[in-house]
Amino acid sequence: MRFILLICVFSCLLSCGNKSKLSEQNITLERNIVMKFNPEFAFYPNDSGTFINNKDGEEYYYFCNQSTENELKIFSSSGELTRVISLKNVINTIGNPFTISVLSEDTIIFNTFYTNEIAAINKEGDVWFYLKIDKLLPDSLSYKFEFWSNAHKWGVANNLYVLKSWPRYELLVDEKLDFAGRTLMYYKGFYNSPHFLFISDMFSSNPVLRLGINDLYMDICSDDCLFSELPYYRLYNDKLIFFSEYSDKLFIINIDNMKIENKIQIKSNFTKVGGDAMKMDFKNLESQMYKQNQERTKKGRILNVLFDKNSGKYLVIVCHTKYNAKFLKHSYIPKYFSVIVLDSNFNQLEEIKFDTDQYSYISGIMTESGIAFEEINQNNIEKNEKTYVSFKIN
């Protein structure tokens with residue numbers, strides 16, 4: 001199964017779409033609020049975020065360590081630790097979860113990948129909801145796919161929960177083929193499979209599941225190429241937004257008819273957006289896949305898409321191709337990244353450049369006070385102290 005994560009099939013060489021219109025508006029990001037937290041443990045960026053408390057209407061921040069501490073910590077916006085939630089019960093229920101979406105203190109959703117399970121816990125750490133996806137799918141689809149959600153709340157809207165789907169590898173390949181033949185066979189099968197699972201009314205007694213958006217990657221790539229990346233999609237304003245690190249476009253998908261209704265080109269003044277995919281070299285496929293994984297993070301690419309509800313703007317975080325010399329011996333950290341601002345119709349308005357010596361490019365979260373990034377402070381790294389700075393759109 002781990003094969004799937006090695007080749008996470010996505011695409012590039014996009015067909016031409018609608019270019020985002022440039023605007024003469026003067027858009028700026030103004031440094032707004034500084035927030036300090038001390039979770040006392042390390043965490044992945046996707047295991048952090050914010051939510052609004054239903055009782056007091058205030059915004060809270062969470063940081064989660066699933067692997068060693070098995071805890072989720074919640075802080076007020078002033079940095080006060082308000083709650084520590086144990087993950088032991090949910091881990092005992094579904095094993096080690098992959099992603100977490102915090103809707104409230106009492107609705108903390110975890111999703112697995114290989115076992116296709118979803119569970120939710122409350123602030124006491126009790127598991128109050130469990131769903132085995134395969135048992136709800138019709139026999140023709142059950143146990144034929146693997147599902148993975150986005151972290152945060154990016155795949156959750158009202159009563160809709162969206163997960164990325166992969167067809168199960170062992171059902172698509174012929175073991176009599178060599179490695180290159182099996183890889184090509186899997187890609188062909190993946191291209192012609194539905195790519196998303198939609199769960200409506202998930203917490204009700206009768207959740208409704210539907211698979212959809214077939215041939216998404218055939219639409220954006222007509223060659224036998226290699227694509228190694230995670231599932232990048234966001235759900236905002238009843239629009240499903242798909243993006244790839246091998247593309248310079250956002251694909252806007254209608255969740256009702258499951259069709260691509262728009263393609264928005266993202267243009268940067270500072271970097272080439274989207275790397276180039278490699279056509280499969282069947283004689284040297286394993287070494288080619290290794291080389292691609294080494295090279296893929298060195299490209300300028302779309303890293304994230306956020307939505308600022310206060311301004312009604314979409315914020316596209318783009319990594320640059322120029323890299324920070326301090327880190328070249330260890331990892332390819334870009335020297336700069338940008339926040340590209342789009343209006344509600346996806347017209348491009350402005351691009352603001354950030355220096356990775358000042359802010360962490362992978363830490364971006366959306367808050368009530370604006371988009372926030374972790375401020376780099378070498379003295380805080382060993383202590384696991386975190387300082388975030390929010391930026392307000394003007």
Side-chain angles (χ1 to χ4, degrees), residues 5 8 37 39-54 59-76 81-133 146-165 196-197 199 202-203 207 230-236 303-307 360 362-367 372 374 384 386 388:
L5 285 184
C8 293
F37 309 98
E40 298 181 332
F41 53 56
F43 57 87
Y44 293 111
N46 280 346
D47 290 337
S48 63
T50 67
F51 67 91
I52 303 298
N53 190 310
N54 293 332
E59 184 174 45
Y60 288 82
Y61 295 72
Y62 67 87
F63 305 94
C64 180
N65 181 301
Q66 300 181 27
S67 56
T68 57
E69 303 299 323
N70 305 143
E71 288 181 341
L72 182 146
K73 293 185 177 181
I74 297 175
F75 294 81
S76 67
L81 177 64
T82 62
R83 188 172 294 276
V84 179
I85 301 175
S86 172
L87 306 184
K88 292 182 180 179
N89 288 337
V90 74
I91 290 174
N92 289 336
T93 301
I94 64 174
N96 292 321
F98 270 156
T99 60
I100 175 175
S101 300
V102 180
L103 305 188
S104 70
E105 276 190 332
D106 286 315
T107 308
I108 302 169
I109 306 172
F110 294 89
N111 168 235
T112 64
F113 182 31
Y114 301 109
T115 59
N116 293 344
E117 296 170 281
I118 300 173
I121 63 174
N122 58 24
K123 59 190 175 186
E124 306 301 330
D126 300 322
V127 177
W128 61 267
F129 174 82
Y130 173 81
L131 176 66
K132 180 71 173 178
I133 296 173
E146 293 175 313
F147 305 103
W148 194 1
S149 76
N150 268 211
H152 296 263
K153 297 170 286 189
W154 295 330
V156 185
N158 299 322
N159 291 321
L160 186 66
Y161 193 69
V162 181
L163 298 95
K164 184 70 184 70
S165 66
F196 290 98
L197 172 70
I199 307 178
M202 185 171 73
F203 297 128
L230 298 174
Y232 296 125
Y233 66 95
R234 306 290 182 257
L235 183 60
Y236 300 124
L303 182 68
N304 204 347
V305 179
L306 302 174
F307 180 71
S360 168
I362 60 174
S363 65
I365 57 177
M366 202 66 237
T367 76
E374 181 188 346
N384 290 316
K386 302 292 180 181
Y388 286 81

Chemist: Using the rule given for side-chain contact (heavy atoms from CB on, under 4.5 Å), can you reason through I100 versus N111, listing the C-alpha separation, both sets of side-chain angles and the distance that settles it, and then say yes or no?
Modeler: CA-CA 7 Å; I100 175 175; N111 168 235; over 6 Å; no
Chemist: Show your working on side-chain hydrogen bond (donor to acceptor under 3.5 Å, both in side chains) between T82 and S76 and close with a plain yes or no.
Modeler: CA-CA 7 Å; T82 62; S76 67; over 6 Å; no
Chemist: Verify side-chain contact (heavy atoms from CB on, under 4.5 Å) between K153 and F51, making sure each step is shown before the conclusion.
Modeler: CA-CA 9 Å; K153 297 170 286 189; F51 67 91; 4.1 Å; yes
Chemist: Check whether any side-chain heavy atom of I85 sits under 4.5 Å from a side-chain heavy atom of I74, and report yes or no.
Modeler: yes
Chemist: Heavy atoms only: give me the nearest Y236-V305 pair and the separation to one decimal.
Modeler: OH-O, 2.8 Å
Chemist: Heavy atoms, side chains only, cut-off 4.5 Å: are V102 and L72 in contact?
Modeler: yes
Chemist: Closest heavy-atom contact between T50 and M366?
Modeler: OG1-O, 3.2 Å
Chemist: Would L197 and I133 satisfy side-chain contact (heavy atoms from CB on, under 4.5 Å), going step by step from the backbone distance to the final call?
Modeler: CA-CA 10 Å; L197 172 70; I133 296 173; 3.7 Å; yes
Chemist: Are T93 and Y130 side-chain neighbours, meaning at least one heavy-atom pair lies under 4.5 Å?
Modeler: yes
Chemist: Measuring centre to centre across the rings, with the benzene-like ring taken for any Trp, is F37 within less than 6.0 Å of F63?
Modeler: yes
Chemist: Any sub-3.5 Å donor-acceptor pair from D47's side-chain atoms to F43's backbone N or O?
Modeler: no
Chemist: Indicate yes or no: at least one non-hydrogen side-chain atom of F129 is less than 4.5 angstrom from one of I118.
Modeler: yes
Chemist: Ignoring hydrogens, what is the shortest heavy-atom contact between L235 and A157? Give both atom names and the distance.
Modeler: CD2-CB, 3.6 Å
Chemist: Are Y62 and F75 near enough that their ring centres are under 6.0 Å apart?
Modeler: no
Chemist: Closer than 3.5 angstrom, by distance alone: can the side chain of K132 be matched with the main-chain N or O of T115 as a donor-acceptor pair?
Modeler: yes
Chemist: Are any of the side-chain heavy atoms of Y61 and T367 separated by less than 4.5 Å?
Modeler: yes
Chemist: Can you tell me how far CD of E40 sits from NZ of K386, rounded to the nearest 0.5 angstrom?
Modeler: 13.0 Å
Chemist: Where do N96 and Q66 land on the side-chain hydrogen bond (donor to acceptor under 3.5 Å, both in side chains) test, with the steps shown first?
Modeler: CA-CA 7 Å; N96 292 321; Q66 300 181 27; over 6 Å; no
Chemist: Would you give the length of the straight line joining atom OH of Y161 to atom CD1 of I109, rounded to the nearest 0.5 angstrom?
Modeler: 5.0 Å
Chemist: Kindly give the heavy-atom pair with the smallest separation between W128 and D106, and that separation in Å.
Modeler: NE1-O, 2.9 Å
Chemist: Using ring centroids (six-membered ring only for Trp), state whether F307 and W154 fall under 6.0 Å.
Modeler: no
Chemist: Run F147 and T112 through side-chain contact (heavy atoms from CB on, under 4.5 Å) and show every step you take.
Modeler: CA-CA 8 Å; F147 305 103; T112 64; over 6 Å; no
Chemist: Take E146 and Y114 through the test side-chain hydrogen bond (donor to acceptor under 3.5 Å, both in side chains) and record every step on the way to the result.
Modeler: CA-CA 6 Å; E146 293 175 313; Y114 301 109; over 6 Å; no
Chemist: How about V84 and K73: do any of their side-chain heavy atoms sit closer than 4.5 Å?
Modeler: yes
Chemist: In this structure, is the centre-to-centre distance between the rings of F196 and Y233 below 6.0 Å?
Modeler: yes
Chemist: Do N89 side-chain atoms and G125 backbone N/O form a donor-acceptor pair below 3.5 Å?
Modeler: yes
Chemist: How long is the gap from CD on E59 to CD1 on I52, to the nearest 0.5 Å?
Modeler: 4.5 Å
Chemist: Keeping S101 on the side-chain end and H152 on the backbone end, is there a donor-acceptor pair under 3.5 Å?
Modeler: yes
Chemist: Is a side-chain donor or acceptor of S48 paired with a backbone partner of P45 at a separation under 3.5 angstrom?
Modeler: yes
Chemist: How about T107 and F203: do any of their side-chain heavy atoms sit closer than 4.5 Å?
Modeler: yes
Chemist: Testing the basics here: between P97 and F110, what is the closest heavy-atom pair and its distance to 0.1 Å?
Modeler: CG-CD2, 3.7 Å
Chemist: Looking at Y44, I'd like to know if its OH atom is crowded, meaning that more than 12 non-hydrogen atoms belonging to other residues, nucleotides or ligands lie closer than 6.0 Å.
Modeler: no
Chemist: Do you know which two heavy atoms are closest between C64 and L87, and how far apart they sit?
Modeler: SG-CD1, 3.5 Å
Chemist: Side-chain contact test, heavy atoms from C-beta onward, threshold under 4.5 Å: evaluate it for M202 versus N159 and give yes or no.
Modeler: no
